[in-house]
Amino acid sequence: MIDMKSVSKWYGPVQVLTDCSVNISKGDVVVVCGPSGSGKSTLIKTVNALEPVQKGEIWVDGVAVHDPKTDLPKLRSRVGMVFQHFELFPHLSVTENLTIAQIKVLGRSADDAKARGLKMLDRVGLMAHKDKFPGQLSGGQQQRVAIARALSMDPIVMLFDEPTSALDPEMVGEVLDVMVTLAKEGMTMMVVTHEMGFARKVASRVIFIDVGGRILEDCSKDDFFGNPDARQPRTKDFLNKIL
Ligand code: ADP
Ligand code: MG
């Protein structure tokens, strides 16, 4: 579903991704962790070309993301993305937030978009809030709306960039619960997070990326958590700090 081959990226003279290769199959849940500034956000953004790369290839469901001829709006419409900050439209109701891209990007009718959006809103347990505005919801609720909005587009893969790190601690669980359910239902997911409880529950693989955008580990969660002696010193060091 996602195939990154030897991807490198620089900001000016500074290399932020170094020869990154990642392969994600349908139904995989791949957790990406690593220290601040190591390139996690950059890596995940290259998947839907929100960040261009200078070297390497990125394929998503057979589409060459790195090819300048690729229809990026079409690609992005199929790749769901949830950021740290929920980025809902503050002046639109929850229902309007759920439907606008379906109508404008996918060309769905208002009725179809609403039906699909409300179905996804129900899935994240927020049907009662359909007529509210984002400012009337808690952070955790807003993030669940953001997930429902992404799901409304029928994505082939979902990308998450630290979806719980801006939330008050008591709201982290409700967002992770939605993500765990999605994972168990077979959604293909690439998730930047330091929530190792989530990784232990549903990750098929864990990737550890170090400063300079170097992938130091890419292994099953059982190897990642269960066999510390097989891990790189930098990974052990990082795990000791966050666990
Ligand atoms: P992470 O998400 O792991 O914290 P990022 O992907 O955000 O890391 O950043 C990786 C590196 O790239 C950092 O050193 C950061 O300062 C740098 N960086 C990120 N965005 C830009 C940008 N637009 N211009 C220049 N440098 C950037
Ligand atoms: Mg980041």
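Not measured: the values here are computed from a predicted model. Note that ligands are numbered from 1 as they come in the structure, with each ligand's atoms numbered from 1 the same way.
The pair Arg234-Asp237 meets the salt-bridge criterion, with a side-chain N (NZ, NE, NH1 or NH2) lying under 4.0 Å from an Asp/Glu carboxylate O.
Residue contacts with ligand 1 do not include Gly34, since none of its heavy atoms lies under 4.0 Å from the ligand. Residue contacts with ligand 1: Gly213 is excluded, as none of its non-hydrogen atoms falls under 4.0 Å.
Among the atoms of Ser41, some N or O lies under 3.5 angstrom from an N or O of ligand 1. For a threshold of 3.5 Å applied to N or O pairs, the pair formed by Val16 and ligand 1 contains no separation below that value.
Closest protein heavy atom to atom 23 (N) of ligand 1: Tyr11 CE2, 3.6 Å. Nearest protein heavy-atom neighbour of atom 13 (C) of ligand 1: Gly37 O, 3.6 Å.
At least one protein heavy atom sits closer than 4.0 Å to atom 20 (N) of ligand 1. There is no protein heavy atom closer than 4.0 angstrom to atom 15 (C) of ligand 1.
Put simply, the side chain of Pro52 reaches to within 4.5 Å of the side chain of Lys9, judged on heavy atoms. Residues Leu106 and Ser77 are in side-chain contact: their nearest non-hydrogen atoms beyond the backbone lie under 4.5 Å apart. Side-chain contact between Lys130 and Leu126: absent, with no pair of heavy atoms (C-beta onward) separated by less than 4.5 Å.
Using cut-offs of 30° and 60° for the angle between ring planes, the Phe238 and Phe208 rings count as tilted.
Contacts with ligand 1 closer than 4.0 Å are made by heavy atoms of both the backbone and the side chain of Thr42.
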